[in-house]
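For reference, the structure discussed in these notes is given below.
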Amino acid sequence: MNVADKKRLLREMLFARRFEERCYEAYVERKIGGFLHLYSGEEACAHGVLEAARPGDDYVITGYRDHIHAIKCGADPKKVMAELYGKETGSSRGRGGSMHIFDVEHHFMGGYALVGGPFPLAAGMAKAIKMKGTDQISICFLGDAANNQGTFHESMNMAKIWNLPVLYVCENNLYGIGTRIDRSTAVVDQYKRVSGYDIPSAQTDGQDVEAVYKAAKKAVDYVRSGKGPYFLELMTYRYRGHSMSDSNAYRSKDEERMWSKRDPIILLRDRLIEAGELTLDDYKAMDTEILDEIEDEIIAFAEQSPEPRVEELEKYCLAENDPWVLGGGR
Amino acid sequence: MAEMMYWEAIRRAHDEEMANDPMVICMGEDIGVAGGTYKATKGLYEKYGPERVIDTPISENGYTGLGIGASFLGVRPIIEIMSVNFAWLAMDQLFNSAAKVRYMSGGQLTAPIVMRSAGGTAHQLGAQHSARMEKVFMGIAGLRVVTPSTPKQAYGLLKSAVRCNDPVYINEHELMYNMKGEVPDEEFFHPLEGSDVVREGHDVTLFGYNISVHWCLQAADILSKQFGIEAEVIDLYALSPLDRAGIAASVRKTHRAVIAEEAEPCVGVGAEVMAIINEECFFELDAPPVRVSAVNVPIPYNHTLEKAAIPNANDVVAAVRKMFGK
């Protein structure tokens with residue numbers, strides 16, 4: 001990563017933070033409904049990993065904390081915000097919502113709301129890649145608590161026996177909804193759990209985007225070279241509750257303060273300032289520019305977009321005019 | 001027109017679709033090297049190799065999800081669940097991922113998978129190997145459900161299901177794999193919607209699907225010969241969506257309806273067909289519609305109890321006689 005890459009990543013991560021915090025406001029204003037899971041604090045994970053991969057070409061899938069992964073893959077933030085507003089111009093035409101962002105054109109294959117659901121889907125995408133013989137890979141981002149689902153074990157086993165090109169990224173934010181990891185999970189170090197399937201793994205600092213990039217580069221290269229699956233654990237922290245309906249009462253202020261000192265954006269910013277590549281004024285200007293973009297373009301687009309039409313309620317349930325439903329050509 | 005067994009018809013459909021499209025794969029427990037519990041994939045492992053005829057671990061939810069993920073990228077998986085009882089384990093992926101992904105992505109993604117499994121009660125397999133779950137599948141939006149009553153349907157429905165862009169669940173029957181029937185020599189695609197009039201009649205309509213079509217046909221024979229009642233028999237090979245127009249058309253003609261189902265009555269095919277009759281042609285009825293269903297118990301092991309739990313042709317005859325007071 002050169003200086004220009006780092007500055008771009010800094011901007012992308014700051015954009016992600018401002019985007020999510022603006023979602024928070026819109027939720028409080030009741031512009032966004034349903035459940036809303038914010039990525040604030042975890043930005044270095046998606047950005048570091050996907051920087052080491054080929055976003056838009058590799059296939060990416062994740063859980064319900066999905067806005068930022070979609071945007072990093074190439075999804076238009078305007079369409080993501082419009083989706084949160086439930087509008088027809090949204091990335092899923094207002095049918096999905098926060099937990100179901102999709103952008104298939106950019107190979108972002110969706111956010112799924114059943115914890116652990118994407119594990120086998122990611123293995124399946126890897127199976128398809130292998131059948132097609134391309135050098136793409138399948139990347140699955142999920143939280144630590146997903147590893148207590150049966151799909152984790154079933155998928156690791158299949159990925160290994162069939163040598164599938166899939167990278168599993170565990171964003172370990174230490175809590176499964178409101179339950180701390182050591183209260184729910186026998187083995188707290190998640191990277192150790194795949195040793196039972198003979199899958200190589202690593203654990204790294206998920207707050208330092210450069211460290212994430214470095215570890216991810218190794219993981220991505222391994223998977224892309226055809227050696228099979230890899231499991232990367234990133235130690236991170238979410239600033240907000242599990243979702244907006246979470247009072248966050250299960251964590252201490254001391255713990256929150258400790259993690260805020262290792263903020264992924266501030267870490268990278270200060271490193272660039274220290275190296276003489278950025279000034280605080282540059283950063284502030286960047287921030288202002290981002291806030292303006294979010295307000296003037298993204299929120300404005302979501303606000304002004306039309307609602308889906310009730311006449312189209314049943315559209316997208318089944319394929320339209322599929323010839324094989326009627327027996328095809330016979 | 002060659003006569004072949006139900007399992008042979010399913011095997012032929014697999015073989016033709018795999019030969020036609022290299023993206024068609026099949027997967028399931030013991031389907032490859034062992035050739036499949038019901039021989040539906042016999043010889044395909046040798047012909048197409050382990051990458052396309054996949055012996056899976058006993059992880060139903062996992063490999064169903066894997067098939068769905070592969071289908072996102074253009075693979076057409078035929079997923080065999082050895083016995084429908086084990087499909088409970090795969091419901092999460094089938095319902096939450098396959099059935100919903102088109103809708104919740106606003107039409108961007110689809111999961112064109114086929115899941116097929118042996119359902120029904122066989123002979124003394126006990127409570128956990130005798131489930132009739134078609135009613136569970138047909139309640140899920142975004143999923144098609146079909147159920148073949150003959151080798152011809154078993155062949156043609158699977159062919160269309162593989163090519164259709166929707167996820168399709170095919171409900172087969174443990175006791176029908178060795179049933180013989182005629183299947184056209186030339187390639188044939190069966191519609192995934194609609195119903196068939198398999199016997200014409202004007203006094204009462206007997207609705208059946210899968211194995212219960214055969215009870216209805218036997219019952220119609222007895223009713224005609226012994227009681228002078230001419231029953232029409234409708235084969236509901238498509239359970240989701242059900243053929244509203246076909247159901248209503250027959251009831252408008254006969255004014256009476258009996259629905260035969262091997263499953264328990266609650267929230268079942270019979271209940272749904274009765275609701276359709278009520279909605280479409282209630283005032284055409286000369287008598288209240290009747291269901292012939294299983295008794296609402298887990299299927300017992302004991303032979304006599306098992307037989308008592310499941311309806312048969314005689315029960316259909318009895319229901320019609322009662323309706324006519326004969």
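Small disclaimer: the values here were computed from a predicted structure and weren't measured. Note on naming: letters A, B, ... go to the chains in the order of the sequence lines (proteins, then strands), and numbering restarts at 1 for each one.
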Which atom of B:Met104 lies closest to which atom of A:Gly111, heavy atoms considered | CE-O, 4.4 Å
Do side-chain atoms of A:Lys127 reach the backbone of B:Glu51 as a donor and acceptor pair under 3.5 angstrom?
-> yes
Using a heavy-atom distance cut-off of less than 4.5 Å, which residues of residues 66-81 of chain A contact chain B?
-> none
Portion of A:Lys130 that has a non-hydrogen atom of chain B nearer than 4.5 angstrom = side chain
Measuring heavy-atom distances to chain A, does B:Ile58 have an atom under 4.5 Å in its side chain, in its backbone, in both, or in neither?
-> neither
Out of curiosity, B:Tyr103 OH to A:Glu314 CD, how far, rounded to the nearest 0.5 Å?
-> 8.0 Å
Tell me, for B:Asn61 versus chain A, whether the close heavy atoms (under 4.5 Å) come from the side chain, the backbone, both or neither.
-> both
Please determine, among A:Ser91, A:Ala319, A:Ala128, the option with the most heavy-atom pairs under 4.5 Å with chain B.
-> A:Ala319
Toward chain A, the part of B:Pro167 with a non-hydrogen atom under 4.5 Å | neither
Greatest number of heavy atom pairs closer than 4.5 Å to chain A - which of B:Leu157, B:Val168, B:Asn96, B:Leu143 = B:Asn96
Please determine, among B:Gly65, B:Pro184, B:Pro112, the option with the most heavy-atom pairs under 4.5 Å with chain A.
-> B:Gly65
Could you tell me whether A:Phe301 atom CZ has more than 12 heavy atoms of other residues or ligands within 6.0 Å of it?
-> yes
Quick one: what part of A:Ile161 sits under 4.5 Å from any heavy atom of chain B, side chain, backbone, both or neither?
-> side chain
Could you pull out all residues at least two apart from B:Arg163 that satisfy side chain to side chain donor-acceptor pair (under 3.5 Å)?
-> B:Glu17
Heavy-atom contacts under 4.5 Å, residues 134-142 of chain A to chain B | none
Got a second to check how far A:Thr151's OG1 is from B:Leu66's CG, nearest 0.5 Å?
-> 12.0 Å
Between B:Thr56 and chain A, which part of the residue has a heavy atom less than 4.5 Å away: side chain, backbone, both or neither?
-> both
B:Asn165 versus chain A, heavy atoms under 4.5 Å apart: side chain, backbone, both or neither?
-> both
Interatomic spacing from CD in B:Gln108 to CD in A:Glu105 - rounded to 0.5 Å | 8.5 Å
Considering only heavy atoms and a distance below 4.5 Å, find which of B:Gln93, B:Met23, B:Glu193 pairs most often with chain A.
-> B:Gln93
Heavy-atom pairs under 4.5 Å with chain B are the metric here; pick the option from A:Met99, A:His107, A:Arg95 that has the most.
-> A:Arg95
Would you mind checking which part of A:Leu114 comes under 4.5 Å of any heavy atom in chain B, side chain (CB onward), backbone (N, CA, C, O), both or neither?
-> side chain
Rounded to the nearest 0.5 angstrom, the CZ-CH2 distance for B:Arg144 and A:Trp324 is 14.0 Å
Do the ring planes of A:Tyr112 and B:Phe72 sit parallel (below 30°), tilted (30 to 60°) or perpendicular (above 60°)?
-> parallel
Residue among B:Pro77, B:Ser71, B:Gly142, B:Cys164 with most heavy-atom pairs under 4.5 Å to chain A | B:Cys164
Counting distance only, does the side-chain N/O of A:Lys132 pair as donor-acceptor with the main-chain N or O of B:Leu73 below 3.5 Å?
-> yes
Atom pair CD/CZ of A:Glu320 and B:Arg102 - distance to nearest 0.5 Å = 8.0 Å
Checking A:Phe119 against chain B: side chain, backbone, both or neither under 4.5 Å from a heavy atom?
-> neither
Comparing B:Ser105, B:Ser160, B:Ala99, B:Gly156 against chain A, the one with the most heavy-atom pairs below 4.5 Å turns out to be B:Ser105
Any residues in residues 152-160 of chain A near chain B, with a heavy-atom distance under 4.5 Å, and which are they?
-> A:Glu154, A:Asn157, A:Met158
For the candidates A:Gly90, A:Gly110, A:Ala122, A:Ala123, which exhibits the highest count of non-hydrogen atom pairs separated by less than 4.5 Å from chain B?
-> A:Ala123
NZ/B:Lys152: more than 12 non-hydrogen atoms of other groups inside 6.0 Å = no
Is the count of non-hydrogen atoms from other residues, nucleotides or ligands lying under 6.0 Å from B:Glu182 atom CD greater than 12?
-> yes
